[in-house]
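In what follows, a structure is listed as structure tokens, so that the remarks can point back to it.
Below, chains carry the letters A, B, ... as their sequence lines are ordered, and counting in each starts from 1.
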Amino acid sequence: MVNKIVKTIVALLVLAGVAYAHPPPPDGYVEEPQQVTSADDDEPAFNMLGFRIGIGALPIEHAHATTFSLGLGVEHPVFAKTRVFGEYEWMWVMRADERALQAMSPRPEEHGSGHRTVIGLRRELTSKRVSRGFSLFLDTEVGGGVALVNDNMAGVEFLPTAFLGLRGGYDFYSRNDDSPSRTFEAEFLLRAIAIPDGIGMMFGVGMFWGN
Amino acid sequence: MRLLLLAVALSLATTATARADDGDDEDGEFVGFPSRSIGISGVGHGSYIGGISESGFGLGLELAIGRGRWQYFGESTLASTGYSSWTTGIDDMVVTGKMLHGGAGVRWLARQFRPDSGGGFELFLLSALGMQRFYFNDGGRLTRPELALGTGFQVRLYKRPKLAIRVDIRVVFTPGDRDDALVACRGRCDMDAGASTGFTSSFGVAW
């Protein structure tokens, strides 16, 4: 019984060695690369995952509210210079109450937290390849989504959202084939955000990793 | 004979393990977290107590065990706390104190960018459970649990000295002051109710 097992293993090893020593001849078929490339054909595009921290202002119920946010985002290249993206943000919301500044005793701050989910399209305006592994970019973006803000004094607010923004930053590309992520991107974001009560703004700094 | 069979079995098991570690990664294998590491960091924190914001800075210590793309850690923080805000009344004194924090959590390596074999730039997600204990100088004491969810990045050297410089930011959920989960609250911390979602951010080094 053991002899049969050993013979089988030896036979398999020999066959594997033969297969390794004599690869099949090329048949002329060349597989097309799967990655989407940009129009100038030198910058591959990737699915991206990353995060962003932001500070901004929203006119919730016509009152100025300051927002701080921490968000996660994903991106997918759909056209040569266009990516579709989705983001989720956790928001801290604070509102100034001028009367509290003159109060004789501490007043509770008007504060809250919220969620914001958006999807959008991002389009490259211009880019410059500084070296083989480094490039600069300036992109524009447009999209929409919803936000749900829970304020400790005003209560829950549902806010449909549309936005238009500008992103700038840089990309690093790895020439190391073993790297799980082939690219790293750092960016700033300036975004105008429209909600039913007016238009707010957000400034953010983000980092994204390609697959 | 048995050695041969054992070698074949080990080979098959190794192959299976390698496949399991690959996961959905199509390009390259991740360099996993170190099996054991120590980290120190500067920590900033902020939250609400009784509707008034508290914030402070301190030092954190972390002990961690790594398993591939997962890292399990225990941590503690000693930080200052200041209990006032921009809406604190003009005649009100700022109350200061100390905050002690302890917790445990898990970190997952989501992305790894390696320009070369020597090091990489990494994205991670994390979650943690812990307890906060406040010692205010006016005698107020507060103990409350926390749940933290966050993300961060680190620059890591894979060869000696195997150092990682790390930044993380967390959303910290704590119970409202009138919540039954509040263990103890004396002094000023029962002034107002309200959700108390804070943050913690740290900048540190691990090796």
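- Using a 4.5 Å heavy-atom threshold, the side chains of A:Phe51 and B:Phe153 count as touching.
- For the atom pair B:Leu123 CG and A:Ser181 OG, the distance stands at 8.0 Å (nearest 0.5 Å).
- Within a 6.0 Å radius of CZ in A:Phe188, other residues, nucleotides and ligands contribute more than 12 heavy atoms.
- Near-neighbour residues of residues 105-112 of chain B relative to chain A, defined by a heavy atom under 4.5 Å from a heavy atom of that chain, comprise B:Ala110, B:Arg111, B:Gln112.
- Sparse packing is recorded around CZ of B:Phe203, with 12 or fewer heavy atoms of other residues, nucleotides or ligands lying under 6.0 Å away.
- When all heavy atoms of A:Ser113 and B:Thr197 are compared, the closest pair comes out as OG-OG1, 4.0 Å.
- Crowding of A:Leu148 atom CG: a count of heavy atoms from other residues, nucleotides or ligands under 6.0 Å exceeding 12.
- The side chain to side chain contact (heavy atoms under 4.5 Å, CB included) check on A:Val84 picks up A:His76, A:Val78, A:Leu121, with sequence neighbours excluded.
- Considering only heavy atoms from C-beta on, A:Asp178 stays 4.5 Å or farther from B:Glu29 through its side chain.
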Let me see the working for A:Trp90 and B:Phe173 under ring-ring contact (aromatic ring centres under 6.0 Å, His included), right down to the final yes or no.
CA-CA 12 Å; A:Trp90 175 271; B:Phe173 302 93; 5.0 Å; yes
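- Rounded to the nearest 0.5 angstrom, B:Arg114 CZ and A:Arg175 CZ are separated by 15.5 Å.
- For the atom pair CG of B:Leu149 and CG of A:Leu70, the computed distance is 10.0 Å after rounding to the nearest 0.5 Å.
- Annotation: side chain of B:Val171 is in contact with side chain of A:Trp92 (closest heavy-atom distance under 4.5 Å).
- A donor-acceptor pair under 3.5 Å is absent between the side-chain atoms of A:Ser179 and the main chain of B:Phe113, judged by distance alone.
- Taking OG1 of B:Thr151 as the reference point, atom CZ of A:Arg52 lies at 12.5 Å (rounded to 0.5 Å).
- Under the 4.5 Å side-chain criterion, counting only non-hydrogen atoms from C-beta, B:Pro115 is not in contact with A:Phe172.
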I'd like to know whether B:Phe121 forms a ring-ring contact (aromatic ring centres under 6.0 Å, His included) with A:Trp209, so could you lay out the CA-CA distance, the side-chain angles of the two residues, the decisive distance to 0.1 Å, and finally the verdict.
CA-CA 9 Å; B:Phe121 203 65; A:Trp209 282 253; 5.7 Å; yes
